[in-house]
Amino acid sequence: MTSSFGPPPHSFRSVFPVFALCWLAVFFDGMDINIYGAVMPHILDDHGFGLTPADAGTIGSWTTFGMLIGALAAGNLTDWLGRRPLLAGSVTVFSLGSAVCALAGSPALLGAGRFLAGLGLGGLMPLGLAMVMEFAPRGRVALATGLLMTSYHAGGMAATVLGMTVAPAAGWRSVFWAGALPAVIAVPLLWKLLPESPGVLLARGQGERARAVAARYGLPRPAAGAAPAAGAKGRWAAVRALFAHESRRTTPLLWLASFCGLMLVYGMSTWLPQLMRTSGYGLTSSISFLMVINAGGIVGMLVAGRAADRFGPVRVSAVWFVLTAVGALLLKSHLPLAVTYAVVALTGVWLFSAQAMVYAATNSVYRESERAAGLGWVTGVGRTGAVVGPWLGGVLAASGHQSWGFTAFALAGFLGATAIALVPLVARESAVVVARAEA
């Protein structure tokens with residue numbers, strides 16, 4: 001039994017406050033990302049606003065382009081500003097972006113609001129993941145990652161409920177106003193209750209404070225080798241380390257897997273309701289598919305996290321990518337409604353956690369001092385896939401070939417499975433090369 005005067009044991013219970021705050025932040029992240037897809041059919045039906053399917057796809061891409069910039073910036077500024085201020089700032093920025101969308105008088109201003117929201121959304125995810133991985137109990141990183149990502153899908157379900165209930169009654173703008181609430185709810189809690197990363201504190205020369213935070217939450221005593229180097233030179237060194245001998249070939253594979261995963265996630269989140277609507281399903285049913293796929297995502301995160309702690313995140317991610325591709329191909333067919341709901345739910349089980357396990361895999365590829373930069377670049381470069389997914393959906397919708405979108409998503413699933421499956425093989429080969437060079 002641990003002494004009442006000693007530090008608490010490092011467990012999920014000891015770090016629950018950190019997990020809870022990160023979960024809340026990512027919940028609002030998921031809600032804001034999915035709001036656009038949930039209200040898009042209503043905006044397209046608002047003929048006075050003038051949004052076309054091609055414009056809708058472009059605006060979705062502007063959102064994810066902003067996320068690309070936000071993810072890259074967050075991963076490389078964390079040692080300068082700290083993770084807590086950047087997390088709070090990210091929530092503030094995407095809330096402001098949602099407010100701009102609520103006030104938008106034209107598609108161009110709506111796109112500007114979604115771009116601004118994307119800047120905040122892109123920064124939040126890698127920061128939240130880095131915090132959870134740092135505070136997670138030993139050997140439970142994949143499970144912790146999966147638990148955190150359940151909040152994204154809970155937020156997506158909340159957005160769907162708003163799209164199904166609030167939008168028809170009060171208009172689509174009211175849903176975007178709901179997306180501005182995180183600045184009021186989450187930001188004060190993050191500032192007051194979320195601790196700073198011990199690794200970041202150590203890198204900034206605040207060793208005593210770093211050790212105090214670690215002791216408070218039962219973390220191992222922070223060591224200098226686990227901290228990222230401070231300053232611009234340190235940030236550049238962290239980026240160069242991603243292409244060191246040990247990881248120079250695995251880094252591009254992680255980027256490709258992330259590209260495919262985020263193309264699937266954001267392509268489906270943006271276009272699923274409209275794709276299903278054009279396939280002959282009613283408006284309410286089409287929007288409800290977004291809730292079903294996110295409900296499946298919650299189940300998938302819990303299953304994938306436990307499976308990955310046992311079999312490894314790479315294996316789980318590869319299998320999940322393949323199953324996602326199969327689900328996308330099945331959705332090309334107009335199946336009975338009950339069967340379609342089942343296929344959508346199962347696709348959600350595999351779709352989102354395939355990408356989450358790519359993030360978990362970075363924990364075994366990069367050292368602690370490189371993890372924030374590694375996650376930032378894996379998520380940031382992957383955002384190019386998030387840009388392509390909504391854009392491609394818009395192009396296909398404008399040309400009348402919406403059903404081809406499911407084929408494109410299936411191909412992305414198979415390519416992602418190949419990329420992530422190659423990571424351990426290439427890593428072993430690189431380790432042999434390094435060992436021979438040092439011999």
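Values reported hereafter were calculated over all heavy atoms of this structure, with side chains retained and with hydrogens, waters and symmetry mates removed.
You'll find the side chain of Met133 reaches within 4.5 Å of the side chain of Thr362, heavy atoms only. Annotation: side chain of Leu392 is not in contact with side chain of Phe409 (no heavy-atom distance under 4.5 Å). Residues Tyr341 and Phe289 are in side-chain contact: their nearest non-hydrogen atoms beyond the backbone lie under 4.5 Å apart. Side-chain contact between Gln206 and Val213: absent, with no pair of heavy atoms (C-beta onward) separated by less than 4.5 Å. With a 4.5 Å cut-off on side-chain heavy atoms, Leu254 and Ile420 count as touching. Looking only at side-chain heavy atoms (C-beta outward), Val39 and Arg173 stay at 4.5 Å or farther from each other. Considering only heavy atoms from C-beta on, Asp32 stays 4.5 Å or farther from Phe28 through its side chain. Taking 4.5 Å as the limit, some side-chain heavy atom of Thr347 sits within range of a side-chain heavy atom of Val343.
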Next item on the list: List the steps, then state whether side chain to side chain contact (heavy atoms under 4.5 Å, CB included) holds for Val388 with Tyr266.
Entry: CA-CA 9 Å; Val388 170; Tyr266 290 99; over 6 Å; no
Checklist line | Test side chain to side chain contact (heavy atoms under 4.5 Å, CB included) applied to Tyr152 and Met125, step by step | finding: CA-CA 10 Å; Tyr152 173 93; Met125 186 62 75; 4.1 Å; yes
Next item on the list: Could you walk me through whether Thr250 and Leu422 pass side chain to side chain contact (heavy atoms under 4.5 Å, CB included), step by step?
Entry: CA-CA 8 Å; Thr250 53; Leu422 287 173; over 6 Å; no
Notebook entry, point to check: So Thr150 and Trp23, side chain to side chain donor-acceptor pair (under 3.5 Å) or not? Walk me through it.
Noted result: CA-CA 8 Å; Thr150 62; Trp23 196 97; 3.0 Å; yes
Next item on the list: Determine, stepwise, if the pair Ile43 / Leu110 fulfils side chain to side chain contact (heavy atoms under 4.5 Å, CB included).
Entry: CA-CA 11 Å; Ile43 304 176; Leu110 179 67; 4.3 Å; yes
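The CD atom of Gln355 sits 4.0 Å away from the CG atom of Leu262 when rounded to the nearest 0.5 Å. Rounded to the nearest 0.5 Å, atoms CG (Leu121) and CE (Met31) are 10.5 Å apart. With rounding to the nearest 0.5 Å, the separation of OG in Ser353 from CG in Leu302 is 9.5 Å. Here the SG-CG distance, from Cys22 to Leu148, works out to 6.5 Å after rounding to the nearest 0.5 Å. Of the inter-residue distances, the one linking Ile69 atom CD1 with Leu119 atom CG reads 6.0 Å to the nearest 0.5 angstrom. Between the CE atom in Met301 and the OG1 atom in Thr145 there is a gap of 9.5 Å [rounded to 0.5 Å].
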Could you pull out every donor-acceptor pair under 3.5 Å between side chains of residues 305-316 and any protein atom, sequence neighbours left out?
residue, atom, partner, partner atom, Å
Asp309, OD1, Ala142, N, 3.4
Asp309, OD2, Leu143, N, 3.2

Could you tabulate the donor-acceptor pairs under 3.5 Å formed by side-chain atoms of residues 86-99, not counting sequence neighbours?
residue, atom, partner, partner atom, Å
Ser90, OG, Leu86, O, 2.8
Thr92, OG1, Ala88, O, 3.0
Ser95, OG, Val91, O, 2.8
Ser95, OG, Ala183, N, 3.1
Ser98, OG, Phe176, O, 2.5

Show me, pair by pair, the donor-acceptor contacts under 3.5 angstrom made by side chains of residues 321-330, not counting sequence neighbours?
residue, atom, partner, partner atom, Å
Thr324, OG1, Trp320, O, 2.9
Thr324, OG1, Leu351, N, 3.2

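Contact record, Arg84 with Leu190: CD-O, 3.3 Å, taken as the closest heavy-atom pair. Here the shortest heavy-atom pairing between Leu103 and Leu109 reads O-CD2, 4.4 Å. Among all heavy-atom pairs drawn from Ser258 and Tyr359, the shortest one is OG-CE2, 4.4 Å. Residues His42 and Gly163 come closest through the heavy atom pair NE2-O, 3.2 Å. Minimum heavy-atom separation, Ala159 to Ala38: O-CB, 3.6 Å. Of all heavy-atom pairs between Pro198 and Ala210, the closest is O-CB, 3.4 Å.
Using a 4.0 Å cut-off between a side-chain N of Lys or Arg and a carboxylate O of Asp or Glu, Arg209 and Glu196 do not qualify as a salt bridge.
Under the 3.5 Å distance criterion, with hydrogens and angles disregarded, no donor-acceptor pair is assigned to the side chains of Asp55 and Thr58.
Evaluation of the ring-ring contact (aromatic ring centres under 6.0 Å, His included) rule for Phe352 yields His153 as partners, not counting sequence neighbours. Not counting sequence neighbours, the partners of Phe135 by the ring-ring contact (aromatic ring centres under 6.0 Å, His included) test are Tyr217. For Trp62, the ring-ring contact (aromatic ring centres under 6.0 Å, His included) partners two or more places apart in sequence, or in a different chain, are Phe65, Phe115.
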